[in-house]
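What follows is one structure encoded as structure tokens, with my remarks underneath.
Everything quoted here is computed from the prediction, not taken from an experiment.
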Amino acid sequence: MKMDSPLPHMPLEVAASKFAALGSEQRLLVLRTLVRAGPDGLTIGELGEKSGVTGSTLTHHLKILAQAELITQTRKGRSILCAGAAYDEVRALSEFLLTECCADCSKEGHDHG
């Protein structure tokens, strides 16, 4: 049975894919570290230091988060790879969960959204 998303711009399948990308403690930690860093993001070295995830493991997690469009990656200079949280996507994922908050609750005045 296919259920439609409460947000027309994020189908259920897309939301499920993004949540699946966050299904690893290390990926969630990396994303949270990038969210905390602000819109300028961090270099890979800084991200590794702050998150404690380094090397090929970090590269693997960044690839999965980038494929889910939860982070952005750009090159600065010749080889310094920077990463930042894709705030619009992270916000949309949060709104996916909260948009219909308490819609089926019988208690009046109960609204968390």
#### Entry: Inter- and intrachain pairs under salt bridge (charged side-chain N to carboxylate O under 4.0 Å, His left out), touching residues 34-61, at least two apart
none
### Summary
Residues Ala37 and Leu42: closest non-hydrogen pair is CB-CG, 3.6 Å
### Query
If we only count heavy atoms from C-beta on, is the Val53 to Leu47 side-chain gap below 4.5 Å?
no
For residues 15-26, run the donor-acceptor check on the side chains, cut-off 3.5 Å, and write out each pair with its distance to 0.1 Å, sequence neighbours left out.
unit_1 : atom_1 : unit_2 : atom_2 : d
Lys18  : NZ     : Ala68  : O      : 2.6
Lys18  : NZ     : Glu89  : OE1    : 3.0
Ser24  : OG     : Gln26  : N      : 3.2
Ser24  : OG     : Arg27  : N      : 3.3
Gln26  : OE1    : His61  : NE2    : 2.9

#### Entry: Partners meeting salt bridge (Lys or Arg N to Asp or Glu O under 4.0 Å) with Asp104 (sequence neighbours left out)
none
### Task
Could you tell me the separation between the CD atom of Gln73 and the OG1 atom of Thr59, rounded to the nearest 0.5 Å?
8.5 Å
### Query
Roughly how far, to the nearest 0.5 Å, is the CG atom of Asp88 from the CG atom of Leu70?
12.0 Å
### Query
Which heavy atom of Leu31 sits nearest a heavy atom of Ala85, and at what distance?
CD1-CB, 4.2 Å
### Query
Which atom pair, heavy atoms only, marks the closest approach of Tyr87 to Leu34?
OH-O, 3.5 Å
### Query
Is any side-chain heavy atom of Arg32 less than 4.5 Å from a side-chain heavy atom of Leu28?
no
### Message
Could you go through Val14 and Phe96, starting from their C-alpha distance and side-chain angles, then the distance that decides it, and tell me whether this counts as side chain to side chain contact (heavy atoms under 4.5 Å, CB included)?
### Response
CA-CA 10 Å; Val14 172; Phe96 175 85; over 6 Å; no
### Query
To the nearest 0.5 Å, what is the distance between OG1 (Thr72) and CG (Leu62)?
10.5 Å
### Task
Working to the nearest 0.5 Å, report the span between NE2 of His60 and CG of Leu65.
9.5 Å
### Query
Are Val30 and Ile64 grouped together when hydrophobic residues (ILVMFWY) are joined by side-chain heavy atoms under 4.5 angstrom apart?
no
